[in-house]
Amino acid sequence: MSNTSSSSSADPSKNRSSIATLSGLLPFLRPYRRQFILAAIALVIAAGATLTIPYAFRQMIDMGFSKIGEGGTQGIDHVNLTFLALFGVAVILGIATAARFYMVSWIGERVTADIRNAVYAHVVTQSPEFFETTQTGEVLSRLTTDTTLIQAVVGTSISLALRNLLLFAGGLVMLFVTSPMLSSIIIVMLVLVILPIIMFGRRVRQLSRDSQDRIADASAVAGEILNAMPTVQAYTHEYIEAKRFSASVEHAFSTAMRRIRARSLLTMIAILLIFGAIVFVLWLGAHSVMQGEMSGGKLGQFILYASIVAGAIGALSEVMGEAQRAAGATERLLELMSVQSSITNPALPLAMPPSLQGQDTHGATVDFHQVVFHYPSRPDAAALSNIELSIKAGETIALVGASGAGKTTLFQLLLRFYDPQQGHVCIDGVNIKDLDLHTLRDTIGIVPQDTVIFSANALENIRYGRVDASDEEVIQAAKLAAAHEFIERLPEGYQAFLGERGVRLSGGQKQRIAIARAILKNPRLMLLDEATSALDAESERLVQQALESAMQGRTTLIIAHRLATVKRADKIIVLEHGRIVETGNHAELIAHGGVYAHLASLQFHQV
Ligand SMILES: Nc1ncnc2c1ncn2[C@@H]1O[C@H](COP(=O)(O)OP(=O)(O)OP(=O)(O)O)[C@@H](O)[C@H]1O
């Protein structure tokens, strides 16, 4: 199952990075400096308040209880005062702790939201090559699980760590002030304690990354299957798929258990060593009191400081575990953020030639010059070879060829989803690599075979073609695409919800929505992929009518599967194994008696 992950947990060089990876979060934390400072102030006040408690205790014991024993009222006053002071400390501690919690939680939520936005915005600009190698489930898992881990660290662990560091440092100083001798012994012990914690911490971190990877694998498996439910059920593979998912969940579970075991061990060792050391030192302290070298209050103060220091170390080891998990998550998110799209905008994009800009209804010119293209995932097989093609403004070109001949690939190159390895593609005489990607794609309308219907109503689904279009414009486009009538007949007309992935529409209806969307966009170059699936005669006629409208007044490239379409085209381009093998109109090519004549006899739907 692990092979479904494209993550780099197998790369040993990646495993060496540590909590330092968390520094990758700094750009996200920087904007919230002010909030950090406020949180830090609250933190210092709270830690300071905690550290005064043992001192107050000693006062109480040495000056209060001992004096009461000696029968003085001065002792009672002192106890009262000390308790009052203690309550004051509690008030300060409460307010400061709440303030710190509020600020730090706010930062955690804010930073996580920012990271989610940044990762998503980065992912949606990636070229198709990225989506060929990365499963959507994995990206989703990173957006949810990994960011949640980071939220835990930023929102809680950082403040816990800082608080405990302060308590540790402050407590240590106070220990020395209280009893240098006992403290020196404790320090030696601490060094012995911290070493194993660090050692185990490393292992926990590695295991935590593995664990996150396995969760991402399981999400990837689930994501793929949920998107293909009809196929899964038609093949009655529900049980097999559930088992496959279960295998990957179990794998994630056993990896998580390894992490949990390592962490349990870490906690046990830490507690054993720390408390062992404290008991030993206290034993020494008790002897000092018995021999009169130390007051009872002082030993009490020492015990409290020691427990503060011990508690701080315990908490720090917990936080280390959390931080290490978050370091794994950060590493994975930064990896995702650092992926560069193979298709980039030119530094200085050229404008479309002025004479052709604006309301020109003649369409764009298209030129392919000696184009050679291999898909990145199949570098040894040319999907297109030596394509030389010149299309005039307003022409309709039919692309024909057997399945896999390279027709769709021509579209992909025009949309600049990929760049050719050799040669270049021009629109209106400008190399599309020199155009801003949005300018280029705004020039092009596309009607794919498989229409994507978003979970929104009919109006919004068509408006996807041009988001600023008015309702009237949307309806006009629907009329041109022969979609108006069927939409009107839907229970709520244009407001009818079309369902996730358009499950409530027929194939022909979906296509007409897609055509309306493309017409609304009003592009100068239209790329149409005629459906291969046979529609009933009436649907067929309506789709044909819609396509006719879509072609009006613009340059059109159509992947043709119907005789009627190819007959109407100005020119037919015949592709075979990624090469243009014949060019001409229907009559010429039939007369030629070559590939086209053969294809025509086998492949075209007669309408
Ligand atoms: N993303 C991809 N990665 C690798 N190879 C691909 C990819 N997409 C298509 N191909 C390959 O490139 C070749 C051309 O494919 P293309 O989709 O352009 O064919 P087509 O003529 O449109 O076929 P069809 O009519 O079946 O859609 C095929 O051999 C196909 O297997």
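All ligand and atom numbering here is 1-based and tracks the order in the structure. As a basis for the values below, the full set of heavy atoms in this structure was taken, side chains included, without hydrogen atoms, waters or symmetry mates. In this text, all values refer to a predicted model and were calculated from it rather than measured experimentally.
With a 6.0 Å radius and a threshold of 12 heavy atoms from other residues, nucleotides or ligands, Tyr418 has its OH atom above the threshold.
The distance criterion of under 3.5 Å between nitrogen or oxygen atoms is not met by Ala383 with respect to ligand 1. Any N or O atom pair closer than 3.5 Å counts here, and Gly406 shares at least one such pair with ligand 1.
Contacts between Lys407 and ligand 1, counted as non-hydrogen atom pairs separated by less than 4.0 Å, involve both the backbone and the side chain. The proximity of Gln449 to ligand 1, defined as any non-hydrogen pair under 4.0 Å, does not occur for either the backbone or the side chain.
Side-chain polar atoms of Thr255 and Arg214 form no donor-acceptor pair below 3.5 angstrom. Thr125 and Ser341 share no side-chain donor-acceptor pair at under 3.5 Å.
In summary, of the residues considered (Glu473, Arg554, Arg466), a side chain to side chain donor-acceptor pair (under 3.5 Å) with Asn522 occurs for Arg554 alone. No option in His586, Glu582, Glu576 other than His586 meets the side chain to side chain donor-acceptor pair (under 3.5 Å) test with Tyr596.
Numbered from 1 in the order shown, with element, the atoms of ligand 1 that lie under 4.0 Å from a heavy atom of Thr409 read 14 (C), 15 (O), 16 (P), 18 (O). Numbered from 1 in the order shown, with element, the atoms of ligand 1 that lie under 4.0 Å from a heavy atom of Ser377 read 3 (N), 4 (C). The Thr408 neighbourhood of ligand 1 comprises atoms 17 (O), 18 (O), 20 (P), 22 (O), 27 (O), with distances under 4.0 Å to a heavy atom of that residue.
Comparing Ser403, Pro379, Gly578, Gly401 against atom 24 (P) of ligand 1, the shortest heavy-atom distance belongs to Ser403. Here atom 9 (C) of ligand 1 lies nearest to Tyr375 when heavy atoms of Phe373, Tyr375, Phe417, Tyr418 are compared.
Ring-plane geometry between Tyr375 and Phe373 is classed as perpendicular, the angle between the planes exceeding 60 degrees on a 0 to 90 degree scale with a lower cut at 30.
Distance alone, capped at 3.5 Å, is enough to place a donor-acceptor pair between the Arg517 side chain and the Asn461 backbone.
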